[in-house]
Number of protein chains: 2
Amino acid sequence: MKVSTRTRYGIRAAIELAQHHKQGPLQLRIIAERQAISVKYLEQLVAVLRSGGIVRSLRGARGGYLLAKAPNQVRLSDVFHCLEGPVATTECVEDPEFCDRSLDCVARKLWTRVEGAVNDVLDSVTLQDLLDQAGKQSQNYSI
Amino acid sequence: MKVSTRTRYGIRAAIELAQHHKQGPLQLRIIAERQAISVKYLEQLVAVLRSGGIVRSLRGARGGYLLAKAPNQVRLSDVFHCLEGPVATTECVEDPEFCDRSLDCVARKLWTRVEGAVNDVLDSVTLQDLLDQAGKQSQNYSI
DNA sequence: ATTTACGCTACTAATGTAGTAGGAATTATA
DNA sequence: TATAATTCCTACTACATTAGTAGCGTAAAT
C-alpha cells in the first residue's frame, strides 16, 4: 500500500507552488533545494502535473511553474490521480471484467470499500486546506 | 497504491478457510484449485498467516489448514497486516523520526489521514462480515 | 548574444514481486 | 510397517517497477 516517491514528491511540489501562489513563477531549482529532491527527477514529475493541467509553466529566464488554479480549487485527488493514476487497490475494482466473478466477489467488495475510503479523503482535501493546516509555524519539508 | 497479489491471495485463502470453518482442515490443494493460484505460491503465503496466528495447520495425510479463531474474531486488518505489514502509505507516518520535519509536515498529515481511513475500514470488517455479505448466491472467486 | 529555465528522450541501477523447484518432515491409513 | 498425503523449509529465477542520471534541445528575458 505504499505511495510512490513519484507521487509524494509531486504532491510536495504542488504544496510549494500553492504556498507561492500569486507570487509569480517558482523555479524547479528552488523547489528541489527546499525539498531535497534532484532537479532532473522533479522535472519529470512536474511535467506530468503540467500535462494533467495541475500546474502551468513559463519558459525562459525568470520562468518557472505556477499552480494552474487557486489552491482551494485543487483537490488532492486531482494531484494524486494525475501522478499515480486511479487508487486501484486491485484491478478488478475499476474494471469488473478483469475477473468473471467480480459481481459477487466478497474480496472485491472489501477492496472497493478501501478504495472508497481513500478517495473520500483525497477528494475532501484541497491544497488550501493543507496550507491552512500548516499555520504559521511550519514549512512543508517532509517525505 | 496497489495491494500485492501476496495480500490479495492470502485474504482469499482466509475467506475460503472461514467458509470451511468447523468442517475440519482444508487442504491448500483445494484452495489453490478454487482460487486458481499455484499451490507452491500459496504455501508461502499461508506460512505467513500461520506464523501470524491467523491460521493453524495439521500436518500429514488428511491434514490441512484451519482458521485459528472464529471468523467473527478475525478482522481484515489482522490478515492484511500479517501479510503486508502496516498500511504505511509513507514511512514517516509510522516513524516520525524518519524525517526531521515530521512534526509539522502537512504532507505527512495528509498521508496520516489516508492511512487512518484505510485502517478504519480494515478494522471494522471481519471475515464473518464478508461471509454474511456473500449470502447464498456466490462463491468468493475473485482477484 | 548570453543566460536562465523548461522540454524531451533515452538509459541504468537497484529493488521488489511473483512465481518455480526440490526435497524433508509428519501423520493417517491400509 | 509401508505408503500416500500433506505441510514445512529454503533457495533460486525471471520480470517489472521505481528511482534516478544524463544530455541536449527550445524558449524567453535581459
Practice prompt. Spell out, as yes or no, whether a donor-acceptor pair under 3.5 Å connects the side chain of R108(B) to the backbone of C92(B).
Written response: yes
Atom pairs and distances, side-chain donor-acceptor, residues 115-125 of chain A, under 3.5 Å, sequence neighbours left out:
unit_1	atom_1	unit_2	atom_2	d
E115(A)	OE2	T89(A)	N	3.0
E115(A)	OE2	T89(A)	OG1	3.1
N119(A)	OD1	H81(A)	NE2	3.4
N119(A)	ND2	E115(A)	O	3.3
D123(A)	OD1	S77(A)	OG	2.6
S124(A)	OG	D120(A)	O	3.2
S124(A)	OG	V121(A)	O	2.9

In short, salt bridge (Lys or Arg N to Asp or Glu O under 4.0 Å) pairs touching residues 77-87 of chain B with sequence neighbours left out are R75(B)-D78(B)
5'-most to 3'-most nt of DNA chain C touching chain A (<4.0 Å, heavy-atom partner on protein side) reads dT4(C) to dA10(C)
CG (L17(A)) and NE2 (H20(A)) are apart, to the nearest 0.5 Å, by 9.0 Å
Atom CE of M1(A) and atom C1' of dT18(D) are separated, to the nearest Å, by 18 Å
Taken to the nearest whole Å, CZ/R56(A) to C1'/dA27(D) is 16 Å
Using a 4.5 Å side-chain heavy-atom cut-off and chaining through intermediate ILVMFWY residues, the residues clustered with L103(A) come out as none
Atom NZ of K2(B) and atom C1' of dT17(D) are separated, to the nearest Å, by 10 Å
Any side-chain heavy-atom pair of L76(B) and I11(B) under 4.5 Å:
yes
Original post:
Under 6.0 Å from the CD atom of Q23(A), do we count more than 12 heavy atoms belonging to anything else shown?
Top reply: yes
* Asked: If we only count heavy atoms from C-beta on, is the W111(A) to T90(A) side-chain gap below 4.5 Å?
  -> yes
side-chain contact (heavy atoms from CB on, under 4.5 Å) filter on A70(A), not counting sequence neighbours, yields H21(A), N72(A), Q73(A)
Note: for A61(A) and Y41(A) on DNA chain D, the residue whose nearest nucleotide lies more 5' is Y41(A)
Expected list for residues 79-86 of chain B near DNA chain C, using heavy atoms below 4.0 Å, is none
### Query
Is any side-chain N or O of S4(A) closer than 4.0 Å to OP1 or OP2 of dT18(D)?
no
Sort me out a list of protein N/O and nucleotides 7-9 of chain D N/O pairs below 3.5 Å, or just none if empty.
unit_1	atom_1	unit_2	atom_2	d
dT7(D)	OP1	L28(B)	N	2.9
dT7(D)	O2	R59(B)	NH2	3.4
dC8(D)	OP1	S57(B)	OG	2.4
dC8(D)	OP2	R50(B)	NE	3.4
dC8(D)	OP2	Y65(B)	OH	2.6
dC8(D)	N4	E43(B)	OE1	3.2
dC8(D)	N4	E43(B)	OE2	2.9
dC9(D)	OP2	R50(B)	NH2	3.0
dC9(D)	N4	E43(B)	OE1	3.1

Contacts of Q27(B) meeting side-chain contact (heavy atoms from CB on, under 4.5 Å) (sequence neighbours excluded), chain-then-number -> R29(B), I30(B)
Dump the pairs, protein N or O against N or O of nucleotides 13-15 of chain D, anything under 3.5 Å, distances to one decimal.
none

Sorted by chain and number, sequence neighbours left out, side chain to side chain donor-acceptor pair (under 3.5 Å) with T126(B) holds for D129(B)
What about L131(A) and F80(A), same hydrophobic cluster or not, with Ile/Leu/Val/Met/Phe/Trp/Tyr joined at side-chain heavy-atom distances under 4.5 Å?
yes
Check residues 37-60 of chain B and write down every donor-acceptor pair under 3.5 Å in which the side-chain atom is one partner and the other belongs to a residue at least two apart or another chain.
unit_1	atom_1	unit_2	atom_2	d
S38(B)	OG	K40(B)	N	3.3
S38(B)	OG	Y41(B)	N	3.0
S51(B)	OG	A47(B)	O	3.4
S51(B)	OG	V48(B)	O	3.1

